[in-house]
Each structure stands twice: as C-alpha cells, then as structure tokens.
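What follows is a set of notes on a single structure, which appears directly below.
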Amino acid sequence: MCKDHADTHDTRHDSAIARRGLLVTGAAAALTLSTVSFANAAPSGTSGPSGADGNGSGEQTRTVRGTLPPGSPDFVHLPVEVPRGVREIHVAYSYERPAMPAGTQGNALDIGIFDERGTRLGGKGFRGWSGGARTEFFLRADAATPGYLPGPVNAGTWHIALGPYTVAPQGLAYEVTITLRFGTPAETPKPVYPPERAKGRGRAWYRGDCHIHSVYSDGRRTPAEIAALARTAGLDFINTSEHNTHSAHSAWDGLWGDDLLILTGEEVTTRNGHVVALGMDGGTFIDWRYRARDNRFGHYAREIRRAGGLVVPAHPHATCIGCNWKFGFGDADAVEVWNGPYTVDDEVSLADWDNTLVSAARSGRAWTPAMGSSDAHRDPDPIGTPQTVVLAEDLTRDAILAGIRAGHSYIAESASVSLTFDAAGGRGSHAGIGDRLRVGPDEPVTVRLEVTGAPGRTAHFVTDQGTLHTATLPESGTGTVEWRTTPAYATYVRAEVRHAPKTPGLPGALAAFTNPVFLGE
C-alpha cells in the first residue's frame, strides 16, 4: 500500500474559530470545528489520485492542529468528510501536557468517534470511545481497536469526538491525524454475546464482581485474563463495565461456562458521576454526554432498565474529578457503596447510604440496596475485592439481577468470608437479608449473625441509632453473634464485620457487611 506524503494536509483550528462553532444540543454543549475533507478514491482501471492505485486502494492523511481554551465545552466535534471506497479509518492524536503547580489542573483530552449517522444524543452514530486510554485507533468492517465497533465505513460526515476533561490555564494544544485507507471492505462478523444462563446450583448464594475494566476501555487485562482471575477468586458471575462503550460485549466468546455467568453492561462515565449499567442486553449502548444540570439522566436510567439492566451509581464519594455522584438516587436500583480496597471514601459512602435507610424502614417505601465491586483495571488490582454475594433462584441473568434489586445480598472482601444473617420474632416469624420482619413494636426480636473466614475480626450490629452491639470473633474466624431488640428500639438492623482499626478513634476497614433486615409492621 502506497502512502502519498504529498497529500498530507495540515489544518489549524484556533480558539476563536472554535468559539464561533459552539453549539448547545439540549444536553452537554458541543463545539464543532471546521470540516476536514478528503479526495475520492480512483475507480478501478484509472490512475489513482493522491496515492491511490488503479484498484482504488491507497491512503490519504490529514493532520489538524489547534488549541482549546480554558472553559471549553465538554465535547469538541471534528467533522471528517469520508468519501466512497474507504476500507479503514485510522486516527492518532496527541496534546501538550505541561507540568503544573500543585492545585492547578493540567491537560487531559479524551477521544472517540461517530459515523455518518451523526452525533445526536442517544442516536445510532456511536462507533467507539477510548477516553484517554489510547493515542490511536482504527476501525473497519471486520475489526476495530478495542473500545471501537467494527462495521461499514460508509461515505458521509463522520465526527471525531474530543473530550477536554481538564484544560490548563494556558490552553490545550492538540494534534489529530486522520488516515483513510481505500480498498474493498471485508465482511462484518455477527457479534456473539454471552448466554444469560449458567448451570448454577439452584437457589443458592452466588458471588459476583459487577465493575471490572479490560483492554476494551482503560484496563490492561484481556477478557481471557479476567475470566481466569474471576474463577480463581471463587466468583460465579461478573459484569462487563467498560467506560462509555459496549464494544466488549462480544469479546467473551468461549470464556463463559457452567461455572461462570458473564453479564454485559457499561460504566456510563459522565462529568457528574459514573453509573454501572448492570446486566443489559448484549449490544446495548447507553450515552454519557450530559451533566446533572441537563436533566437527561432519568431518560437513560429508563433506557438501562428497558434493556433488562440495573442502574447502579458507582463510587459516589470518590475523589477523582467528575466521579462524585450528583444525579441523586431516585433512579437507582442499587448503589456501589464499596469500591475496590476499602478506603475513607468507601466509609463515607457507607454512612451516606445508611442514612437513607430510616425513611424506608418506617414508611415501607422502596429502599436502595448496597453493593460492592472491585473496579479492577490492571495488576495488582484484585478481581473480586470486594464482591457482592447474592441469594438467587439460579445462576441466570434474571435471577441474579432480581436478587440484587431486592437487596438479598451481602458484600465480602473475598470468597473466604461468608455470612448468614437473619432476625426472628415470636410464633416462628423470620426474615433474612433485605426482608422485613413483621412484628409488633414491642415484640422481642433476636438478630443472629454467623460468620466464617474472619479470624479476629469484630462483628457490629448497626441500626438507625448507630452501632448498638459489638462482639469480637474467635481467632478461628468462625463464630456466631446474637442480639435481642425490639422494632420500637431498632427500625432496622444490619451487620458489619471489620478489621482492627489502624488509626485510634476510627473504624477498621470492612471485611464484610450486609444489607439490612427491617423490623416492624
């Protein structure tokens, strides 16, 4: 294949031009740059223009340079006129990353692409996103860089989407190089998605990790490596959750089995928080290009549910830019309270979630169950630390999601930790995790926790008043703790198992915790 350097063009977009292209699309503002054009490929049997040979093959390249000012909108669209006969699009980009003093944000620029069907919010034009994880990508009919979708390269106006995540005070100088390769396209393979059922053990407790990243977004592990690590961690199910792309949904062929259910999802990564779309139909894409002020999240929460999935805000009190959850929890099916190895922001998330339980306990209204996931990206991030342990009727997508939605689950730091937690009243009344024990306000209730795999840890019973009972577990790691109360004294009870504190006066890191049992009629 011949590359014609004479056909490489350099186009500059300064900030003044960029400002004149500012569009507000009803959601996040977008800035549109000047269009980049290419010559048509030569038809077969003629002399090829600009490096194309007589079979209409060859390639053409354009390079665009510019600077984005501080305060740029969330997305910058670079239109590219793609002529007929293109077999492959290749895009490479770079940008200046000056050293900045402490407390001042530097430059960070994300990238993705939309095809000729357009950039409309929630439209069909999405063809891939890699955020800041890659400096180049390609796509063609039969293959694409992970994070991008293979498919036809049709003629029309495509858009490279740039996302200035942060911009330094002196601006963000960037360079984008687009190469079109001409020729006859191959066939697009039909995607194969994981089955919705594994063999399972019937009604049982199943362990899963629902927030994991691979090379299909900003992770470093392949799907095969993740599947192997999930099995080693004793997991029964996992959920794919790549940032702002569903390209990994078809990347698990041959990796599932009777012992591992693979759910397909997405981490919808907005500028006002991240949400795990858990267990959607394979091939479902959820748009992320909005902020809380745009009043669009409710629509996309419904889109997740229409695709059979759950809406799970992730790491709501994380400290990274754009990670704090600002959409509220009215549309949430569950909330990720514990994200990766236990840290201070998890403690804040746990306390914040616990504060929401009182109104549900007294009113009987719906409540939001808690979850935990690893958010693992690369070595040495452990898969399955933590993990959500779900009581489900079987190892199927519908059964697992139903168990999570009902709060029939607890969260453990590893497969070595197991809990049984319930409450019993008079006349044989009984309730398990996520359920309500319907007894009178002054009727005695016995709460019982059984623990294995937690040597020397402490068990805590937490209510709407706070922690009301604590016991040290045996060095063997196996023990039972009981406590008596009444619904008048405790509107709900949940259990925590903690490590010894490392800092005096602060609680130790969690080893496990349960969703609550509600008490009262």
Side-chain angles (χ1 to χ4, degrees), residues 192-212 214 223-241 248-266 276-284 304-305 307-312 333-334 336 369-374 376 382-422 431-435 450-453 512 514-515:
V192 177
Y193 302 125
E196 297 181 9
R197 176 181 297 272
K199 186 175 181 180
R201 305 181 297 276
R203 180 179 171 82
W205 291 91
Y206 295 100
R207 295 176 178 268
D209 189 346
C210 296
H211 187 169
I212 303 172
S214 76
E225 289 169 332
I226 290 171
L229 289 169
R231 288 180 165 97
T232 300
L235 301 181
D236 301 294
F237 66 93
I238 58 174
N239 176 69
T240 74
S241 56
H249 289 190
S250 59
W252 299 84
D253 194 5
L255 300 177
W256 58 76
D258 289 344
D259 62 333
L260 186 64
L261 175 70
I262 298 175
L263 307 176
T264 50
E266 178 186 336
V276 173
L278 198 168
M280 298 186 297
D281 296 333
T284 301
I304 292 169
R305 293 194 189 95
L310 299 184
V311 178
V312 184
D333 296 304
E336 187 187 79
M371 293 183 63
S373 295
S374 72
I383 300 291
T385 299
Q387 53 194 245
T388 300
V389 190
V390 184
L391 179 61
E393 297 301 317
D394 210 342
L395 188 53
T396 67
R397 179 178 81 156
D398 289 347
I400 293 294
L401 297 188
I404 293 172
R405 188 185 297 108
H408 295 158
S409 59
Y410 66 89
I411 296 83
E413 64 181 354
S414 71
S416 65
V417 181
S418 295
L419 305 182
T420 300
F421 181 65
D422 57 25
I433 298 172
D435 292 329
E450 297 179 6
V451 184
T452 61
T514 72
N515 277 300

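Position 1 is the first residue of the sequence; numbering continues from there. Note that these values count all heavy atoms, side chains included, but never hydrogens, waters or copies made by symmetry.
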Report yes or no: does [X] contribute a side-chain atom to a donor-acceptor pair with the main-chain N or O of [Y] at less than 3.5 Å?
X: His249; Y: Gly283; answer: yes
X: Tyr410; Y: Leu419; answer: yes
X: Asn515; Y: Ile433; answer: no

Distance (rounded to the nearest 0.5 Å) between [X] [atom1] and [Y] [atom2]:
X: Phe237; Y: Thr396; atom1: CZ; atom2: OG1; answer: 11.0 Å
X: Tyr193; Y: Ile262; atom1: OH; atom2: CD1; answer: 14.5 Å
X: Ile212; Y: Leu229; atom1: CD1; atom2: CG; answer: 9.0 Å
X: Glu336; Y: Leu278; atom1: CD; atom2: CG; answer: 10.0 Å

Side chain proximity check, [X] to [Y], heavy atoms < 4.5 angstrom:
X: Asp236; Y: Leu261; result: no
X: Trp252; Y: Leu260; result: no
X: Thr264; Y: Thr284; result: no
X: His211; Y: Val312; result: no
X: Arg197; Y: Asp398; result: no
X: Leu395; Y: Arg201; result: no
X: Asp209; Y: Ser373; result: yes
X: Ile404; Y: Pro369; result: no

Non-neighbouring partners of Thr452 that pass side-chain contact (heavy atoms from CB on, under 4.5 Å), sequence neighbours left out
Ser418, Thr478
Do any side-chain atoms of residues 382-393 form donor-acceptor pairs under 3.5 angstrom with protein atoms, and if so which ones, sequence neighbours left out?
residue: Thr385; atom: OG1; partner: Glu413; partner atom: O; Å: 3.3
residue: Gln387; atom: OE1; partner: Arg207; partner atom: NH1; Å: 2.8
residue: Gln387; atom: NE2; partner: Gly384; partner atom: O; Å: 2.8
residue: Thr388; atom: OG1; partner: Gly372; partner atom: N; Å: 3.0
residue: Thr388; atom: OG1; partner: Gly372; partner atom: O; Å: 2.8
residue: Glu393; atom: OE2; partner: Arg203; partner atom: NH1; Å: 2.4

Restricting to salt bridge (Lys or Arg N to Asp or Glu O under 4.0 Å), what partner residues turn up for [X], sequence neighbours left out?
X: Asp259; result: Arg231
X: Asp281; result: Arg397
X: Asp333; result: Arg305
X: Arg405; result: none

[X] versus [Y], closest heavy-atom pair with distance:
X: Ala415; Y: Gly234; answer: CB-CA, 4.4 Å
X: Val276; Y: Cys210; answer: CG1-O, 3.6 Å
X: Gly257; Y: Ala198; answer: O-CB, 3.6 Å

